[in-house]
Amino acid sequence: MADFHHTPLDRFIADADKALRVIAGVASASRPNPGLRSDDGQLSEAEQRHSAGLMRVNHVGEVCAQALYNSQGRFAKTAAMRAQFEQAGREEEDHLAWTAQRLNELGSHTSVLNPLFYAGAYALGTVAAVLGDARSLGFVVETERQVEAHLASHLDKLPPQDAKSRAIVEQMRIDEIEHGAAAQALGAAQTPAPVQAVMSVMGKIMTGTAYYI
Ligand SMILES: [Fe+2]
Ligand SMILES: [Fe+2]
């Protein structure tokens, strides 16, 4: 879509529409859910609740990913960067749909805080974007690095027999590593250590609350 042909109001409506779709849980995957290839393992009630908490955290992470890629893509200066953000954004939408589907299978729900997380991430992405393409790409690299580490920790925490959740998390992890590498290849600047630390604290607050609500 050539944004320069649209008025700010058009853009605002397009962004608001995307935001509402994400918050309402209307996500369509372009690839099949990796969990479909796995057998449903027997989970105790406590394990099922634990898996649901972890997958709700991952779903919130993907809500934030949508907000970040939408806001950062909005202000990207080059066509190459916009194309990469669109491609990554599509894969993040797969993640959003897969985690929502798994939550549903686990008899649970997405986070009630999603609108808040979306708004916060959108604001953050906008700040990163106005600092310029190199810094914006650097922010993507650091975000994907932290998400990848977080997903790896979930592979330790998920019940071993929850093969469906594990298959989803494993594929997400592969994709996030690629997103980070692609952003790096486009000329990312190093994110300053204090910013990295703030991002990490924000991530902890997000994961700490989304596990429960
Ligand atoms: Fe993702
Ligand atoms: Fe990603």
Side-chain angles (χ1 to χ4, degrees), residues 18-19 21-23 25-36 51 53-74 76 80-104 110-111 113-114 117-118 120-122 124-126 128-129 133 135-155 157-158 164-188 191 196 199-200 202-204 206-207 210-211:
K18 270 187 197 165
R21 277 160 29 95
V22 171
I23 291 162
V26 187
S28 50
S30 52
R31 293 171 293 170
N33 189 324
L36 291 175
S51 281
L54 296 173
M55 293 311 273
R56 181 161 40 251
V57 167
N58 293 330
H59 181 266
V60 166
E62 296 303 330
V63 166
C64 293
Q66 288 297 310
L68 289 174
Y69 275 109
N70 288 345
S71 56
Q72 290 181 262
R74 153 84 49 243
M81 189 163 153
R82 275 197 298 273
Q84 167 53 27
F85 277 31
E86 238 168 70
Q87 157 79 17
R90 252 196 309 278
E91 293 185 359
E92 304 292 10
E93 193 170 344
D94 287 350
H95 301 170
L96 189 71
W98 298 341
T99 46
Q101 195 178 343
R102 187 61 191 142
L103 271 171
N104 195 31
T110 57
S111 176
L113 298 174
N114 277 342
F117 285 126
Y118 188 96
Y122 196 94
L124 204 63
T126 304
D133 279 3
R135 285 211 181 93
S136 187
L137 286 165
F139 185 75
V140 172
V141 169
E142 179 57 21
T143 305
E144 297 285 9
R145 189 190 67 75
Q146 293 192 10
V147 172
E148 187 269 308
H150 160 85
L151 291 172
S153 82
H154 274 199
L155 290 173
K157 290 178 189 155
L158 280 164
K164 283 184 180 294
S165 299
R166 302 182 73 84
I168 292 169
V169 171
E170 266 160 23
Q171 185 57 52
M172 281 166 57
R173 186 166 167 254
I174 291 167
D175 293 344
E176 315 303 12
I177 291 170
E178 270 175 24
H179 298 161
Q184 190 73 68
L186 283 171
T191 300
Q196 291 183 14
M199 288 166 72
S200 172
M202 285 170 64
K204 288 212 173 74
M206 187 192 95
T207 55
Y211 181 88

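Remember, it's 1-based here, ligands and their atoms both numbered in the order they're listed. Computation of the quantities below employed the complete heavy-atom set of this structure, encompassing side-chain atoms and omitting hydrogens, waters and symmetry-equivalent molecules.
- Heavy-atom minimum distance, A188 versus G138: CB-N, 3.5 Å.
- At a cut-off of 2.8 Å, D175 is not counted among the residues with an N, O or S atom near the Fe ion (ligand 1).
- Between the side chains of Q66 and E62, no donor-acceptor pair is found at a separation under 3.5 Å.
- The Fe ion (ligand 2) has an N, O or S atom of E144 under 2.8 Å away, backbone or side chain.
- For the Fe ion (ligand 2), the set of nearby N, O or S atoms under 2.8 Å includes one belonging to E92.
- Y118 approaches V63 most closely through the heavy-atom pair CD1-O, 3.7 Å.
- Of the possible donor and acceptor atoms, none in the side chain of R135 sits under 3.5 Å from a partner among the backbone N and O of A128.
- For a distance bound of 2.8 Å, the N, O or S atoms of E176 include one lying that close to the Fe ion (ligand 2).
- The closest side-chain heavy-atom distance from E92 to D175 is not below 4.5 Å.
- Taking 2.8 Å as the threshold, H179 counts as a candidate ligand of the Fe ion (ligand 2), since one of its N, O or S atoms lies below it.
- Within H95, the N, O or S atom at minimum distance from the Fe ion (ligand 1) carries the name ND1.
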